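Report on the following structure.
On a predicted model such as this, the values are computed, not experimentally measured, just so you know.
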Amino acid sequence: MKAPPDHRSRVFGTPWEGVHGTAIESARHYGRHWHSTYGVGLLDHGAQSSASGRGKVDAYAGDLITTNPGEVHDGRPLGGPSRRWRMVYFDVAVMADMRAGVADAGIEFTRPVLQDARLLHTLRRLFARLDEWRRATGNSAGAEALACEESLAEVCGVLLDAHSTAVALPEIGGDVRLVRERLADDLLAAPTLDELAAMTGLGKYQVLRRFEKAYGVPPHAWLLLQRAERARGLIRRGTGLADAAAASGFADQSHMTRIFARQFGFTPGAWQRTCGLP
């Protein structure tokens, strides 16, 4: 009896309803099928040949791959016994959310295989942040979820702007000072990107783009910088390192140390000693 082809797969959740991911290494030949979701992913190793809504296409390691809702496709290894890829899938409603709630059933990704350095970097960051979110506990979970959502919005924004049939929407309204005030008012409870978009009347990607233009970094990075500043002040006033981390919204002391050192160039322990504290 012939052994079935090697196949290893993992499906993983995300902080949001309507979004999930997969990581697959497989020698299988997939028959023609379709998904009700949008999909975007990265071919990490090997190569693949597949049918698509644009005809037969080949993808190689480092290429980005996309699928549209209802688009029939298949897939088989190319030039080797197997291939490995990661995907994130999101409902049509999630895409509409990125565009300030403006749904357009006709939006499609224009190519099933892409080479785009910016999108590649953004998608890899999304996968990394989802890994961090799954590991996060306690107060950190909210901030990690915000980081994930920023990356998802960036991925969708790049796809919509550069690789879709979507028509650009005018950016109206949107006082991002409200976003900064919300972040500063409660450093321990990170907002969702939904909340930030709602208070400005912008789409999620528009919020990110406008906030970074105004303040130099996205909301999640701004929140972490403010948490590090709070921790520095608490340590200067004699608060212990573990307590300073908890009071500033970090998951633990090691998380605080990573962000603190990245921002200031020295560790919280070095700062504590400089302040003449035990």
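Salt bridge status for Asp185 with Arg182: absent, with no side-chain N to carboxylate O gap under 4.0 Å. Taking the charged nitrogens against the carboxylate oxygens, Glu108 and Arg54 do have a contact shorter than 4.0 Å, which makes a salt bridge.
In this structure, Val113 belongs to a hydrophobic cluster whose other members, linked by side-chain heavy atoms under 4.5 Å apart, are Ile24, Tyr30, Leu43, Val57, Ile65, Trp85, Met87, Tyr89.
Under the 4.5 Å side-chain heavy-atom criterion for grouping Ile, Leu, Val, Met, Phe, Trp and Tyr, Val217 is connected to Val176 within one hydrophobic cluster. Residues Tyr215 and Val207 share a single hydrophobic cluster, defined by chaining ILVMFWY side chains whose heavy atoms lie under 4.5 Å apart.
The main-chain N or O of Arg118 is found under 3.5 Å from a side-chain atom of Thr122 such that the two form a donor-acceptor pair. Checking side-chain atoms of Thr66 against main-chain N and O of Arg111 turns up a donor-acceptor pair under 3.5 Å.
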Working for side-chain contact (heavy atoms from CB on, under 4.5 Å), residues Phe250 and Thr257:
CA-CA 9 Å; Phe250 293 108; Thr257 297; over 6 Å; no
Please lay out, stage by stage, how His33 and His73 fare under the test side-chain contact (heavy atoms from CB on, under 4.5 Å).
CA-CA 6 Å; His33 64 286; His73 57 284; 3.2 Å; yes
Go through it in stages, so that I can follow the logic: the residues are Ser9 and His7, the test is side-chain contact (heavy atoms from CB on, under 4.5 Å), and I'd like the CA-CA distance, side-chain angles, deciding distance and then a yes or no.
CA-CA 7 Å; Ser9 67; His7 178 81; 3.7 Å; yes
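Under 3.5 Å, the side chains of Asp116 and His163 contain a donor-acceptor pair of N or O atoms. With 3.5 Å as the limit, one finds a donor-acceptor pair spanning the side chains of Ser49 and Asp58. Side chains of Ser151 and Arg129: a donor-acceptor N/O pair is present below 3.5 angstrom, by distance only. For the 3.5 Å distance criterion, the side chains of Thr192 and Asp194 fail to qualify, holding no donor opposite an acceptor.
Cation-pi contact between Arg232 and Trp271: present, with separation from the ring centre below 6.0 Å and deviation from the ring axis of at most 45°. A cation-pi arrangement is not found for Arg180 relative to Phe211, the charged atom failing to lie both closer than 6.0 Å to the ring centre and inside a 45° cone about the ring normal.
Atom CZ in Arg227 sits 13.0 Å away from atom CD in Gln263 (nearest 0.5 Å). Atoms CG and CD, on Asp186 and Glu181 in that order, are 14.0 Å from each other to the nearest 0.5 Å. Note that CG of Leu159 and CE of Met95 are 6.0 Å apart. Values are rounded to the nearest 0.5 Å.
Counting non-hydrogen atoms of neighbouring residues, nucleotides and ligands closer than 6.0 angstrom, the NE2 atom of His45 reaches no more than 12 such neighbours.
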